[in-house]
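Take a look at the structure set out below.
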Protein chains: 2
Amino acid sequence: MNNGRFATALHILTLLETKKGELLSSGFIAGSINVNPVVVRKEIGNLRAHGFVESKEGKGGGYLLGKPASQIRLSDVYRAVNDVQLLGRSNDPNPDCLVGKQINVHLNDLFRAADEALIKQMGKITLRDFAKKFN
Amino acid sequence: MNNGRFATALHILTLLETKKGELLSSGFIAGSINVNPVVVRKEIGNLRAHGFVESKEGKGGGYLLGKPASQIRLSDVYRAVNDVQLLGRSNDPNPDCLVGKQINVHLNDLFRAADEALIKQMGKITLRDFAKKFN
DNA sequence: TCATTCTGTAACATGTGTTGTTACAGTAAA
DNA sequence: TTTACTGTAACAACACATGTTACAGAATGA
């Protein structure tokens with residue numbers, strides 16, 4: 001439903017993978033993405049809830065991947081960030097009209113199929129594949 | 001980049017197909033969708049620019065399909081409504097960072113592939129197929 | 001020709017959702 | 001106990017889709 005968040009989330013995860021072994025702070029990550037550190041912490045809050053990231057509090061704390069990058073499909077990340085289907089919004093049509101009465105059912109079928117196609121494509125790529133592109 | 005517009009556009013086109021042969025007014029169409037007639041006229045302005053709809057001005061005027069429903073793929077409609085990729089927004093990252101410097105290129109590749117998968121899925125269905133579901 | 005009934009569009013209001021920012025409590029390390 | 005982090009709430013700012021009003025232009029028919 002949103003969008004820019006996905007770019008942010010992938011950026012975070014890519015950094016964690018390329019700097020594997022180090023604890024990265026929200027300030028450092030924010031500097032690479034060029035956003036406010038709080039945006040990073042909030043996004044990581046979500047990623048952590050899904051098990052993609054682990055955090056360490058206190059001085060010297062920071063973030064690292066919660067599971068191997070080879071086990072994180074981009075479709076998993078996508079779903080974690082977009083709780084709602086990209087296509088999914090419809091109107092509140094007139095139930096007295098033949099078309100209006102049924103359209104949302106048919107739209108939902110269509111949206112679901114489209115969303116699945118998108119998810120399937122992104123499921124082909126893992127975070128490891130993605131991070132490998134950076135050199 | 002939007003979303004609800006796609007539902008509106010498909011609703012309009014479905015109505016025009018199911019009431020083929022009649023000129024439908026923006027008021028009638030708006031009544032089925034349950035939106036303001038101006039919203040319909042604006043959306044049709046776009047659909048007309050893409051050749052999907054023809055209009056007749058003046059008293060007794062209205063709208064009809066600009067080409068056979070069998071020649072309108074839902075992916076065509078989708079593209080006409082969403083001039084921008086659904087996924088496509090990225091950040092403005094730090095060029096001094098190895099990841100930041102390259103991420104937008106890789107994100108764009110990813111987004112394009114995902115978008116193509118979605119388009120391909122919707123290309124399987126024509127307006128005729130879709131409108132047939134209503135009975 | 002004139003009233004009527006449409007479309008076409010501009011202009012503006014409204015609402016909603018995302019993103020940005022400040023502030024501060026909690027935690028761990030030295 | 002100071003320092004440097006995370007975690008989160010609260011609020012501000014902004015972007016964007018959608019809703020609405022208003023009115024000019026066009027076709028029809030009396």
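Chain letters run A, B, ... following the sequence lines, proteins first and then strands; every chain starts at 1. Nothing here was measured: the structure is a model prediction, and the numbers come from that model.
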Evaluate the criterion salt bridge (charged side-chain N to carboxylate O under 4.0 Å, His left out) for residue pair A/D115 and A/R112; output intermediate values, then yes/no.
CA-CA 5 Å; A/D115 208 62; A/R112 184 152 19 83; over 6 Å; no

What residue pairs, at least two apart or across chains, pass side-chain hydrogen bond (donor to acceptor under 3.5 Å, both in side chains) with a residue in residues 54-72 of chain B?
B/R48-B/S55

Pairs where residues 25-35 of chain A contributes a residue and the test side-chain hydrogen bond (donor to acceptor under 3.5 Å, both in side chains) is met, not counting sequence neighbours
A/H11-A/S32, A/S26-A/R41

Could you give the [atom1]-to-[atom2] distance, from [X] to [N], as a whole number of Å?
{"X": "B/Y63", "N": "D/dA26", "atom1": "OH", "atom2": "C1'", "result": "13 Å"}
{"X": "B/R5", "N": "D/dC16", "atom1": "CZ", "atom2": "C1'", "result": "12 Å"}
{"X": "B/L64", "N": "C/dC6", "atom1": "CG", "atom2": "P", "result": "15 Å"}
{"X": "B/I12", "N": "C/dT7", "atom1": "CD1", "atom2": "P", "result": "12 Å"}

Pairs flagged by salt bridge (charged side-chain N to carboxylate O under 4.0 Å, His left out) wherever residues 8-27 of chain B is involved - sequence neighbours left out
B/E17-B/K20

Close approaches to DNA chain C from residues 21-35 of chain B, in residue order (heavy atom, under 4.0 Å):
B/S25, B/S26

Of the residues in residues 36-53 of chain B, which ones touch DNA chain C at a heavy-atom distance under 4.0 Å?
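The stretch gives B/V38, B/R41, B/K42, B/R48 as the residues lying under 4.0 Å from the strand, ordered by number.
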
B/E57 side chain, from C-beta outward: closest of D/dA27, C/dA29, D/dA26
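Of the candidates, D/dA26 comes closest.
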
Heavy atoms from C-beta onward define the side chain here; which of C/dT19, D/dT28, D/dT6 lies closest to that of B/K56?
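Among C/dT19, D/dT28, D/dT6, the one nearest the side chain of B/K56 is D/dT28.
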
Under 3.5 Å: donor-acceptor pair, side chain of B/N94, backbone of B/G100
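Checked: no pair found.
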
Side-chain N or O of B/K59 less than 4.0 angstrom from OP1 or OP2 on C/dA3?
no

When hydrophobic residues are tied together by side-chain contacts of less than 4.5 Å, even through go-betweens, does B/L23 share a cluster with B/V53?
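Unlinked, B/L23 and B/V53 end up in two clusters.
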
Quiz: residues 120-132 of chain B side-chain donor-acceptor pairs under 3.5 angstrom, not counting sequence neighbours:
unit_1: B/Q121; atom_1: OE1; unit_2: B/K124; atom_2: NZ; d: 3.3
unit_1: B/T126; atom_1: OG1; unit_2: B/R128; atom_2: N; d: 3.3
unit_1: B/T126; atom_1: OG1; unit_2: B/D129; atom_2: N; d: 3.1
unit_1: B/T126; atom_1: OG1; unit_2: B/D129; atom_2: OD2; d: 3.1
unit_1: B/D129; atom_1: OD2; unit_2: B/T126; atom_2: N; d: 2.9

Can you find a pair of side-chain heavy atoms, one from B/I33 and one from B/I12, that are under 4.5 Å apart?
yes

